[in-house]
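Report on the following structure.
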Amino acid sequence: MAIERVFTQPGPDEERFLTSLRPQRLDECVGQEVVREQLRIALDAARKRGEPLDHVLLDGPPGLGKTTLAHVIATEMGAAVRVTSGPAIARQGDLMMMLTQLDTGDVLFIDEVHRLAKVVEEFLYPALEDFRVDYTTESGIGGRTVNFALKRFTMVGATTRAGMLSAALRDRFGLLFHLQYYTEPELVRIVERNAALLKIQADPAALARLASRSRGTPRIVNRLLRRVRDYADVRGDGTLTPSVVDMALDILQIDRLGLDNLDRAYLQSLIKHYDGGPAGIEAIAATMGHERDTLEDVVEPYLLQIGFVIRTPRGRVARPAAYEHLGLATPKRAKDEPGLFD
Ligand code: ADP
């Protein structure tokens, strides 16, 4: 059986909870200083000219704030936002409906924009560039192409895989932002604010511990806060202390670095089945009985970030820090093993 992540897709209840904690304005967002500064300038300039903002592409691992920023952009521009995702737009007609409903300055947020169907993507090009679409009403001999003018809108695209975006689509975004993992002090600020919003009694040391085990990701720190609060309510007096955090995270099998079962299973598979690599992602996914996409999207980015794994031309390689973390002996590897570190 495949190993599941403690938190897979958020349910509607979880989604509501996360939405309630979402910062509304740019100044309420924590971290991402470079992105926020560039965005602030672009927003000020657009407002000054009385024009909609350029199209924006946000890329980065899940849970770092892409959806949040799309909403923030709309709020800052005093506009409405329409939310959809690449896989949800099956036909040109679906997109046509959305585009024609947009008002001047509105934000169209397309999550997982790298998963747009090719025909839909091509249909989008003139909409992004010239704010018009050529819509064919019926296929075949009776088909009629109608040219529609659209209001000037802002598209915000989000992707966990900027590399999978076609160059043609990427070129149509005027503003490209890459989101980084958050530092521990930034996550502490986020969780302190949210604990206060939710009126949770918490020891500062308990919140610092939560932040240190959240893989640099605001979505994770928010979810852990919720789980730990449950634990404190049921097993304690509702107050978050470092030992309550430790006990709750032990039950969730989240270790001292914030790695969960899925992260550890990936490392074990790479180390035990492939002698630490190099191993291809397809092979690792097959051994684990998991989707390659999940591993590439939600597991590998953080393991690469903390230097537990590297990508080489011949595949993934586990680094000594990963062996140490799992309590395994580090194999002797010649530094100059051919092809490994080039
Ligand atoms: P993504 O779209 O990249 O998967 P989200 O925008 O859904 O991520 O963010 C997940 C959660 O993290 C949100 O509920 C929000 O509360 C929180 N969050 C994201 N970015 C920030 C930030 N810069 N400051 C504070 N909280 C944030």
Side-chain angles (χ1 to χ4, degrees), residues 5-40 43 56-76 81-88 107-115 155-162 164-165 175-198 200 207 210-211 213-227 229 258 293-294 296-302 305:
R5 185 136 253 188
V6 182
F7 308 112
T8 45
Q9 280 303 311
D13 177 45
E14 178 90 33
E15 206 53 70
R16 246 194 321 279
F17 171 78
L18 289 172
T19 307
S20 71
L21 298 180
R22 215 163 245 160
Q24 312 285 317
R25 309 299 299 233
L26 203 53
D27 286 339
E28 285 172 47
C29 293
V30 173
Q32 309 295 346
E33 301 298 340
V34 178
V35 172
R36 282 201 295 138
E37 191 49 29
Q38 292 179 17
L39 194 53
R40 191 171 290 119
L43 284 165
V56 182
L57 180 67
L58 301 169
D59 108 80
L64 296 194
K66 297 180 292 297
T67 312
T68 302
L69 273 181
H71 283 87
V72 164
I73 288 171
T75 309
E76 294 286 347
V81 58
R82 240 193 119 88
V83 178
T84 184
S85 80
V107 170
L108 174 66
F109 176 58
I110 306 188
D111 202 5
E112 295 187 77
V113 69
H114 61 277
R115 293 181 60 195
M155 164 153 157
V156 179
T159 180
T160 48
R161 303 276 197 92
M164 279 173 68
L165 225 61
L175 299 161
L176 287 88
F177 297 125
H178 176 69
L179 301 191
Q180 309 273 2
Y181 282 109
Y182 292 66
T183 63
E184 236 170 87
E186 287 165 354
L187 289 177
V188 169
R189 275 167 57 203
I190 293 174
V191 76
E192 277 175 355
R193 168 187 178 266
N194 295 343
L197 275 177
L198 297 167
I200 298 173
L207 297 181
L210 262 188
R213 293 166 80 171
S214 297
R215 295 201 294 270
T217 308
R219 179 182 291 157
I220 298 181
V221 89
N222 287 342
R223 285 171 166 187
L224 292 183
L225 177 64
R226 194 175 193 214
R227 292 283 78 81
R229 175 182 67 175
D293 280 358
T294 317
E296 286 196 296
D297 274 1
V298 303
V299 174
E300 287 192 323
Y302 191 66
Q305 163 84 9

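One is the number of the first residue; the rest follow in order along the sequence. In listed order, ligands and their atoms are each counted from 1.
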* Return a yes/no value for Cys29: is any of its N or O atoms, backbone included, closer than 3.5 angstrom to an N or O of ligand 1? => no
If you measure every N or O of Arg22 against every N or O of ligand 1, does any of those distances drop under 3.5 Å?
yes
Please list the nearest protein heavy atom to [atom] with its residue and the distance rounded to 0.1 Å.
{"atom": "atom 10 (C) of ligand 1", "result": "Arg219 CB, 3.7 Å"}
{"atom": "atom 2 (O) of ligand 1", "result": "Thr67 OG1, 2.5 Å"}
{"atom": "atom 14 (O) of ligand 1", "result": "Leu18 O, 3.0 Å"}
{"atom": "atom 12 (O) of ligand 1", "result": "Pro218 CB, 3.3 Å"}
{"atom": "atom 8 (O) of ligand 1", "result": "Gly65 N, 3.1 Å"}

Salt-bridge contact Glu33-Arg36 (side-chain N to carboxylate O under 4.0 Å)
yes
**Study point:** SB check Arg189 Glu192 (cutoff 4.0 Å)
**Key:** no
Closest to atom 23 (N) of ligand 1 by heavy-atom distance, out of Leu21, Leu26, Val30, is Val30
Nearest heavy atom to atom 5 (P) of ligand 1, choosing from Leu179, Thr68, Leu187, belongs to Thr68
Specify side chain, backbone, both or neither for [X], according to which of its non-hydrogen atoms lie closer than 4.0 Å to ligand 1.
{"X": "Thr19", "answer": "neither"}
{"X": "Pro23", "answer": "side chain"}
{"X": "Tyr182", "answer": "side chain"}

One finds that the ligand 1 atoms under 4.0 Å from a non-hydrogen atom of Ile190 are 24 (N), 25 (C), 26 (N)
Backbone of [Y] reached by a side-chain donor or acceptor of [X] within 3.5 Å:
{"X": "Glu76", "Y": "Leu43", "value": "no"}
{"X": "Lys66", "Y": "Gly157", "value": "no"}
{"X": "Tyr181", "Y": "Arg215", "value": "no"}
{"X": "Glu28", "Y": "Gln24", "value": "yes"}

Dump the intermediate steps for side chain to side chain contact (heavy atoms under 4.5 Å, CB included) on Val221 and Asn194, then the final yes or no. CA-CA 10 Å; Val221 89; Asn194 295 343; 5.6 Å; no
Among the heavy atoms of [X], does any lie under 4.0 Å from an atom of ligand 1?
{"X": "Gly31", "result": "no"}
{"X": "Gln32", "result": "no"}
{"X": "Pro62", "result": "yes"}

Contact check, side chains of Thr159 and Met164, non-hydrogen atoms, under 4.5 Å = no
Exercise. Would a 4.5 Å heavy-atom cut-off, applied to side chains only, mark Val72 and Arg22 as touching?
Worked result: no
Is there a side chain to side chain contact (heavy atoms under 4.5 Å, CB included) between Val298 and Asp293 once you walk through the steps?
CA-CA 8 Å; Val298 303; Asp293 280 358; over 6 Å; no
